[in-house]
Amino acid sequence: MNYAFIGLGNMASAIIKGMAHSNQFSTDKIYGYDIMDEKAQTLTEFGLIACDSIEKAVGADVVVLAVKPQVLPQVLTVLKNSIFKQPLIISIAAGKEIEYFERQLGELPIVRVMPNINAAVGAATSAYTGNKFATSEHKQLVERLFATVGTITELPEHLFGVFGAVAGASPAFAYMYIDALARVAVAGGMSKQQALDIAASTVFGSAKMILASSEHPWSLIDKVCSPGGTTIEGILSLQSDGFEDAVHRAIAAVIEKDKKLRQ
């Protein structure tokens, strides 16, 4: 099976590298085109076959659209005029719903995927949804493809706005939290790099505990808080300062902005 990537930015590059490192995909069957040819050339070390036009890339069984939304109209025009079979179309373009691609391309199997920035380190949290032409085999392929850069979950498209806030925007919030922890440690005399390493490692371990445990997060919180101890003082301080409310408002703000952008 051949794969073609249109657009070779950070996300597409991460996926191509994930495919190469997984040993589940034949790297001599991965094609790619980008308006900046040097991006394609950089990825040739991972087996990518660089193409000098969209037309030369789209004869594949699977076409991954990884361009910016404003570029999509001209890409889809070329794609529609160049397709000579029915490939699976996978879009990772932000904000463009499946209906948009159906209007442009007609009755093709189309899957929309929303990955996040952590794909760069193989730890993306992705969601996908397919149209009525996307078979269970297509969906399994999408899951296998994006599993090379993290985890992926099927969601109905009407939940993509919520997913984008919780999984797409929240890495930035997590980075802020880690940096805040590190800055306090610096104030206490620790070097910034050491503080960042410790804070990031602790957050990483806490996330693994949530995923591995069947316990509710508050049950785990209670295990850390000894009666009359230090941690409960910090918890009470966070609650008093509106920590949870601030998170809720941030997610709600992202969801509301997403709705406005799609109007």
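Only heavy atoms go into these numbers, but all of them, side chains included; no hydrogens, no water, no symmetry mates.
Proximity of the aromatic rings of H138 and F133 is defined here by a centroid distance below 6.0 angstrom, and this criterion is not met. Between Y3 and F25, a ring centre-to-centre spacing shorter than 6.0 Å is recorded.
A donor-acceptor pair under 3.5 Å links the side-chain atoms of S53 to the main chain of K56, judged by distance alone. Counting only distance, with no hydrogens or angles, the side chain of T27 and the backbone of A20 share no donor-acceptor pair below 3.5 Å. Under the 3.5 Å distance criterion, the side-chain polar atoms of S82 are left unmatched by any main-chain donor or acceptor of L79. A donor-acceptor pair under 3.5 Å is formed between the side chain of N81 and the backbone N or O of T77. With E157 contributing its side chain and I98 its backbone, the two residues share a donor-acceptor pair below 3.5 Å. Side chain of S240 to main chain of L236: no donor-acceptor pair is present (N/O by atom type, distance under 3.5 Å, no hydrogens or angles). Listed for the S206 side chain is a donor-acceptor partner under 3.5 Å among the backbone atoms of T202. Side-chain atoms of S26 do not come within 3.5 Å of backbone N or O of D28 as any donor-acceptor pair. A donor-acceptor distance shorter than 3.5 angstrom exists from the side chain of N131 to the backbone of I110, with no hydrogens or angles considered.
Residues I221 and I232 are members of one and the same hydrophobic cluster, defined by side-chain heavy-atom contacts under 4.5 angstrom among Ile, Leu, Val, Met, Phe, Trp and Tyr. Under the 4.5 Å side-chain contact rule for hydrophobic residues, V111 and I92 share a cluster. A continuous path of hydrophobic side-chain contacts links I90 to L8 [ILVMFWY only; heavy atoms under 4.5 Å]. L65 and I54 fall within the same hydrophobic cluster, where Ile, Leu, Val, Met, Phe, Trp and Tyr residues are linked whenever their side-chain heavy atoms come under 4.5 Å apart, directly or through other members. Using a 4.5 Å cut-off between side-chain heavy atoms of Ile, Leu, Val, Met, Phe, Trp and Tyr, with links allowed through other members, M1 and I49 fall into different hydrophobic clusters.
When the shell of 6.0 Å around CD of E107 is examined, it contains 12 or fewer heavy atoms from other residues, nucleotides or ligands. Within 6.0 Å of CD on E215 lie more than 12 heavy atoms contributed by other residues, nucleotides or ligands. Counted within 6.0 Å of CG on L181, heavy atoms from surrounding residues, nucleotides or ligands total more than 12; the atom is thus considered enclosed. Crowding of I235 atom CD1: a count of heavy atoms from other residues, nucleotides or ligands under 6.0 Å exceeding 12. No more than 12 heavy-atom neighbours from other residues, nucleotides or ligands sit within 6.0 angstrom of NZ on K29. For Y175, the OH atom is densely surrounded, since the number of other residues' heavy atoms within 6.0 Å is greater than 12. Residue-environment remark: CG (D61) exceeds the threshold of 12 foreign heavy atoms within 6.0 Å.
Proximity of F101 to R112: side-chain heavy atoms (C-beta onward) are nowhere separated by under 4.5 Å. Contact annotation: the side chain of I255 approaches that of V162 to within less than 4.5 Å [non-hydrogen atoms, C-beta and beyond]. Looking at heavy atoms from C-beta onward, V113 lies out of side-chain contact with L145 at the 4.5 angstrom threshold. Put simply, the side chain of L220 reaches to within 4.5 Å of the side chain of I210, judged on heavy atoms. Proximity of N2 to V62: side-chain heavy atoms (C-beta onward) are nowhere separated by under 4.5 Å. Taking 4.5 Å as the limit, some side-chain heavy atom of Y100 sits within range of a side-chain heavy atom of L72. Contact of the I6 side chain with the V75 side chain is registered, since non-hydrogen atoms from C-beta on lie closer than 4.5 Å. I89 places a side-chain heavy atom less than 4.5 Å from the side chain of L105.
Salt-bridge formation is not detected for the pair K192/D197: no Lys NZ or Arg NE/NH1/NH2 atom is positioned less than 4.0 Å from an Asp or Glu carboxylate oxygen.
The heavy-atom pair separating A182 from A195 by the smallest distance is O-CB, 3.5 Å. Between T125 and N116 the shortest heavy-atom distance is N-OD1, 3.2 Å. In plain terms, the two heavy atoms of G7 and A66 that are nearest each other are O-CB, 3.6 Å. For the pair D34 and G9, the tightest heavy-atom approach, listed with the atom from each and the gap, is OD2-N, 4.2 Å. Minimum interatomic distance between I30 and M19 (heavy atoms only, all atoms of both residues): CD1-CE, 3.6 Å. The heavy-atom pair separating A4 from A57 by the smallest distance is CB-O, 2.8 Å.
Atom CD of residue Q70 and atom NZ of residue K96 lie 9.0 Å apart, to the nearest 0.5 angstrom. Interatomic distance, K139 NZ to I152 CD1, rounded to the nearest 0.5 Å: 11.5 Å. With rounding to the nearest 0.5 Å, the separation of OG in S170 from CD1 in I117 is 11.5 Å. Between E233 atom CD and C225 atom SG the span is 10.0 Å, to the nearest 0.5 Å. Separation of atoms OG (S201) and CD1 (I178) is listed at 10.0 Å; rounding is to 0.5 Å. For the atom pair K39 NZ and S13 OG, the distance stands at 7.5 Å (nearest 0.5 Å).
Under the 3.5 Å distance criterion, with hydrogens and angles disregarded, a donor-acceptor pair is assigned to the side chains of Y128 and E143.
Ring pair F243/Y177 is tilted by interplanar angle, where 30° to 60° counts as tilted.
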*Carefully, step by step, assess V78 and E55 under the rule side chain to side chain contact (heavy atoms under 4.5 Å, CB included).*
CA-CA 7 Å; V78 176; E55 291 87 346; 3.4 Å; yes
*Full working for side chain to side chain donor-acceptor pair (under 3.5 Å) between Q193 and S191*: CA-CA 6 Å; Q193 189 57 58; S191 72; over 6 Å; no
_Between F5 and I15, does the side chain to side chain contact (heavy atoms under 4.5 Å, CB included) criterion hold? Intermediate values first, please._
CA-CA 10 Å; F5 287 79; I15 297 167; 3.9 Å; yes
